[in-house]
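Comments concern the structure below.
Everything quoted here is computed from the prediction, not taken from an experiment.
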There are 2 protein chains.
Amino acid sequence: MSLDLDALRAFVKVAELLSFTRAAEQLGAPKARVSEQVRRLERDVGSVLFTRTTRAVRLTSDGEAFLVRARRLALEADELETMFATSRALRGRVRIDLPVNIACDLVIPRLAELHAEYPGLALQVSTTDRIVDVVREGFDAVVRVGALRDSELTATRIGELTMVNCASPEYVRTHGRPRTPADLDGHVLVHYSAAFGVEAPELEWVEAGRVRSRRLHCIVTVNSADAFRAACIAGLGIAQLPWLGAERHVREGRLVELLPRFRAPPLPVTLLHPHGRSAPRRVRVVLDWLTAVLSPHVTV
Amino acid sequence: MSLDLDALRAFVKVAELLSFTRAAEQLGAPKARVSEQVRRLERDVGSVLFTRTTRAVRLTSDGEAFLVRARRLALEADELETMFATSRALRGRVRIDLPVNIACDLVIPRLAELHAEYPGLALQVSTTDRIVDVVREGFDAVVRVGALRDSELTATRIGELTMVNCASPEYVRTHGRPRTPADLDGHVLVHYSAAFGVEAPELEWVEAGRVRSRRLHCIVTVNSADAFRAACIAGLGIAQLPWLGAERHVREGRLVELLPRFRAPPLPVTLLHPHGRSAPRRVRVVLDWLTAVLSPHVTV
DNA sequence: ACGGACTGTCACGTAGAATCGGACAATGTC
DNA sequence: GACATTGTCCGATTCTACGTGACAGTCCGT
């Protein structure tokens, strides 16, 4: 007789993903249920919300209008459900995506603390360096390093990663230690390219407040941060690495920093999430925690 | 697993009335259900919303905070449920209260039209001249004639009733026809007093923009509009009647108007409802209809 | 043009939950 | 202190939402 909130949430998910199947996956429910829930919802409100061809789903104009309000209602309902939930009682699933090295070095080691405080939270941590589609894959939070393009997401700048120029001691012995960028003739660069695109291998640095760059020869191109560092340690050239990941290796003598006064511009670290300024509480908790965990390691 | 909207509505009603029994009555549900729903709600949100002594119910501070948001959520949910409901599909119960004569003369004769347009609406029409407690008795709309005191309700002025001075032809034959208030020596007033209070029987009129009054002798005091008119027709004195109810009797010769240039100040007609500016749709429909029905009969 | 894979829906037996009426203990009132 | 009233508990009953599996329709690539 009365509106069903679960059905409403199902509708919102389907409307966002434009797919019953994917919505069902993300909701952790069988397709049949989602289908039935939306059917019931349509019967209850007395309007057809989707036009279904067996192959594609589209919102009707009624559906569009309904979605706006349904979203808000679902959010407020979530708020109400959790307004008295202590941290121990907070439950739900939160799906996040992190760059591999940030995940392995910073986040995963401290995940136990988060679990201890919020035992009801089920965290799904995806680690990948490729650009994921936040809404399509249903992520609640994504940490991005570097410039970003998406604009429909809420972005919070956490800080930035200091970049250092590194090479192996072996490499320095062979190629010499440059003192200024002018000394780079004959040097080799390890090239990082996420998509093996056509970008030319360049070394960047900041000089007098300006970003300058110089094209260098390169032997190897990689597409993962781990391989990038490994190649540098192997003496395959100079690499511009985040200090965060390079520090240990410099300390332990596997890498040395070059041209310390000509570092590349720092990479911005950003926290993205698809919910507006007011996310569900379980998500907010994770966002805050991520910020707290990452902040000490990124210079503001 | 998810918040139950029916339970939420039950909670709101109980919180407003501070009684499970009365809430159950107004919701048209057995007490046991309301009790169980609220119990479930408390379990779901993880907090105790009421302090119950078997004799009295009070909101906890958590309950207070919850009520505010719960109200808003229930309202938005209602909005969502009815946003595509055609007039034929709109359903629900609306409880209104009207002065007896307005109900009998204007509203009830046209109730069939409302039903024809909104067959799903169940209207509960209470007719009474006493002042009802709008929230306590769960009215969705109340029409008041005359000055009003409540302020926590939303009030819409519909118009005002023209008042005329009437007497029976028999009375005029006996007592003479006054031309000005100064001629009223020896005349008799029929007195209306809702609560048989101590107000003195006075005849009021507007003269040069000022309200003036003159105390007169009276034989009978009544507390209902019908009895008031009946007393006047019976020749028991002059009565200050709304033209609306007196017109027919004047036309048919049972009453005559006296002192037409010294009429009493018109009585304001007001539509009250307890919902904020945004009432549920089924209520809004009735409010609009009442306004449309009453407007032509009340000069603005 | 046509197989193939994927989409959303349907069927139906089942399990769990909400519901109802009535009885009960507790409490404020006269 | 007796009474009336309040909110809750109890048991059987009814419903309805669910899951599994199979199905028909449609778009894609070749």
Determine yes or no for a side-chain-to-main-chain donor-acceptor pair under 3.5 angstrom, with [X] supplying the side chain and [Y] the backbone.
X: B:R281; Y: B:T82; result: yes
X: A:T270; Y: A:T156; result: no
X: A:R58; Y: A:T53; result: no
X: A:R284; Y: A:A279; result: yes

Starting at atom [atom1] of [X], determine the distance to atom [atom2] of [N], rounded to an integer number of angstrom.
X: B:R52; N: D:dT5; atom1: CZ; atom2: C1'; value: 17 Å
X: A:F20; N: D:dC23; atom1: CZ; atom2: C1'; value: 17 Å
X: A:E36; N: D:dG19; atom1: CD; atom2: C1'; value: 12 Å
X: B:R22; N: D:dT5; atom1: CZ; atom2: P; value: 13 Å
X: B:E25; N: D:dT6; atom1: CD; atom2: C1'; value: 12 Å
X: A:L41; N: D:dA17; atom1: CG; atom2: P; value: 12 Å
X: B:F50; N: D:dG7; atom1: CZ; atom2: C1'; value: 12 Å
X: B:Q37; N: D:dT8; atom1: CD; atom2: P; value: 13 Å

Name the residue closer to the 5' end of DNA chain D, choosing between A:T53 and A:A29 according to the nucleotide with the nearest heavy atom.
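So the residue in question is A:A29.
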Look at all strands and tell whether A:V34 reaches a base, only sugar-phosphate, or nothing, counting heavy atoms closer than 4.0 Å.
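Answer is nothing: A:V34 stays at 4.0 Å or more from every strand.
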B:K31: which residues meet the salt bridge (Lys or Arg N to Asp or Glu O under 4.0 Å) condition with it, sequence neighbours left out?
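So B:K31 forms no salt bridge (Lys or Arg N to Asp or Glu O under 4.0 Å) with any residue.
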Bend angle of the helix from C:dA1-D:dT30 to C:dC30-D:dG1, end axes from five pairs each (to 10°)
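Comparing the axis at each end, I get an angle of 40°.
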Please determine whether a side-chain nitrogen of the Lys or Arg among B:R39 and B:E42 lies less than 4.0 Å from a carboxylate oxygen of the Asp or Glu.
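Not counted as a salt bridge, because no side-chain N and carboxylate O are separated by less than 4.0 Å.
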Could B:R282 and B:E81 be called an ion pair, given the rule that one side-chain N must be under 4.0 Å from one carboxylate O?
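Salt bridge flag = no for B:E81 with B:R282.
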With a 4.5 Å cut-off on side-chain heavy atoms, are B:L41 and B:Q37 touching?
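Contact flag for B:Q37/B:L41 side chains = no.
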State, yes or no, whether a side-chain contact exists between B:L123 and B:Y118 at a heavy-atom distance under 4.5 Å.
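No, side chains not in contact.
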Can you give the first and last nucleotides of DNA chain C, 5' to 3', that have an atom under 4.0 Å from a heavy atom of chain A?
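The contacted stretch runs from C:dC6 to C:dC10.
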Presence of [X] side-chain N/O under 4.0 Å of [N] phosphate oxygens OP1/OP2:
X: B:S35; N: D:dT8; value: yes
X: A:R40; N: D:dT16; value: no
X: A:R33; N: D:dG19; value: yes

